[in-house]
Amino acid sequence: MSLEHIAVIVLAVEVVVMVTARVGTERRHWAHAKGHGPAPHPREDLTFVPAALYGIAAAAMAVGALTASVEPTLDALATVAMFGVLLPAFTANAVLRLSTRGGRRAVTPALRGLAATVAATGGLVSVGLI
């Protein structure tokens with residue numbers, strides 16, 4: 001299995017995780033609107049990603065690009081920025097939201113480590129998409 005195949009599989013998994021987290025967030029909002037649940041947590045949106053996750057994904061992407069000797073064209077940089085930084089960081093944040101049901105205070109060091117691993121893995125294998 002080539003790096004490109006692995007990158008596509010990781011990309012598909014990232015999208016599934018993000019959609020699952022988004023549906024869970026929306027479900028909590030709908031339940032609250034109907035009076036069946038507590039108010040959603042503030043800033044629960046998946047796009048409010050801690051800056052550290054962007055940094056981890058970017059560093060892993062840079063390592064992957066250096067080891068695969070990627071030619072720095074505009075198309076390559078745009079592809080890697082989207083699939084190597086944004087999506088892995090959003091997915092790592094989605095993992096945190098799924099693990100804590102949206103609560104920011106329930107995040108443990110182990111969950112932060114899991115999110116960092118998800119961001120680093122996504123950033124590293126994203127180079128296979130180029």
Side-chain angles (χ1 to χ4, degrees):
M1 189 177 286
S2 70
L3 182 59
E4 183 178 74
H5 290 104
I6 293 170
V8 170
I9 291 168
V10 168
L11 178 64
V13 170
E14 286 175 346
V15 170
V16 168
V17 168
M18 286 188 297
V19 168
T20 303
R22 185 64 183 184
V23 168
T25 299
E26 292 301 321
R27 208 168 38 105
R28 284 190 293 281
H29 284 269
W30 294 330
H32 175 67
K34 292 180 182 178
H36 299 282
H41 299 285
R43 296 180 53 100
E44 189 180 353
D45 191 353
L46 297 177
T47 59
F48 292 125
V49 179
L53 294 178
Y54 286 121
I56 291 168
M61 178 213 46
V63 168
L66 289 175
T67 58
S69 63
V70 173
E71 184 179 335
T73 64
L74 185 58
D75 286 341
L77 292 175
T79 300
V80 171
M82 174 70 173
F83 296 112
V85 179
L86 288 178
L87 288 180
F90 285 171
T91 304
N93 192 42
V95 167
L96 289 176
R97 299 289 157 248
L98 284 169
S99 301
T100 62
R101 299 185 137 224
R104 298 185 114 185
R105 293 190 175 132
V107 176
T108 63
L111 288 177
R112 287 188 184 160
L114 176 64
T117 302
V118 168
T121 302
L124 188 62
V125 300
S126 68
V127 176
L129 295 172
I130 299 175

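Since this is a predicted model, take the numbers as computed values, not measurements.
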Problem set entry | Nearest heavy-atom neighbours spanning Ala92 and Ala115 |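 Closest approach of Ala92 to Ala115, heavy atoms only: CB-O, 3.2 Å.
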
Exercise. Closest heavy-atom contact between Ala68 and Val127?
Worked result: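 That would be CB-CG1, 3.6 Å.
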
Can you tell me how far the [atom1] atom of [X] sits from the [atom2] atom of [Y], to the nearest 0.5 Å?
{"X": "Leu87", "Y": "Leu129", "atom1": "CG", "atom2": "CG", "value": "9.5 Å"}
{"X": "Met18", "Y": "Asn93", "atom1": "CE", "atom2": "CG", "value": "11.0 Å"}
{"X": "Arg28", "Y": "Arg97", "atom1": "CZ", "atom2": "CZ", "value": "9.0 Å"}
{"X": "Leu66", "Y": "Met61", "atom1": "CG", "atom2": "CE", "value": "9.5 Å"}
{"X": "Glu14", "Y": "Phe83", "atom1": "CD", "atom2": "CZ", "value": "9.5 Å"}

Exercise. Is there a side-chain contact between Val118 and Pro88, using heavy atoms and a 4.5 Å cut-off?
Worked result: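 Result no, sub-4.5 Å side-chain heavy-atom pair not found.
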
Problem set entry | Close side-chain approach of Tyr54 and Leu86, heavy atoms under 4.5 Å |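 Yes - at least one pair of side-chain heavy atoms lies under 4.5 Å apart.
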
For this session: Output the rest of the hydrophobic cluster of Leu124: all Ile, Leu, Val, Met, Phe, Trp and Tyr residues reachable through side-chain heavy-atom contacts under 4.5 Å, sorted by chain and number.
Result: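 Grouped by the 4.5 Å side-chain rule, Val63 form the rest of the cluster around Leu124.
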
Residues which pass side-chain contact (heavy atoms from CB on, under 4.5 Å) with [X], listed by chain and number, not counting sequence neighbours:
{"X": "Ala120", "answer": "Ile56, Ala60"}
{"X": "Thr20", "answer": "Val16, Leu98"}
{"X": "Ala76", "answer": "Val70, Thr73, Ile130"}

Problem set entry | Partner residues of Glu4 under the side-chain hydrogen bond (donor to acceptor under 3.5 Å, both in side chains) criterion, sequence neighbours left out |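 side-chain hydrogen bond (donor to acceptor under 3.5 Å, both in side chains) check on Glu4 returns nothing, list empty.
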
Exercise. Which residues pass the side-chain hydrogen bond (donor to acceptor under 3.5 Å, both in side chains) test with His5, sequence neighbours left out?
Worked result: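 Partners of His5 by the side-chain hydrogen bond (donor to acceptor under 3.5 Å, both in side chains) criterion, ordered by chain and then number, come out as Ser2.
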
For this session: Sort out for me which residue in Val95, Val85, Val49 forms a side-chain contact (heavy atoms from CB on, under 4.5 Å) with Phe90.
Result: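 Output: one option passes, namely Val49.
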
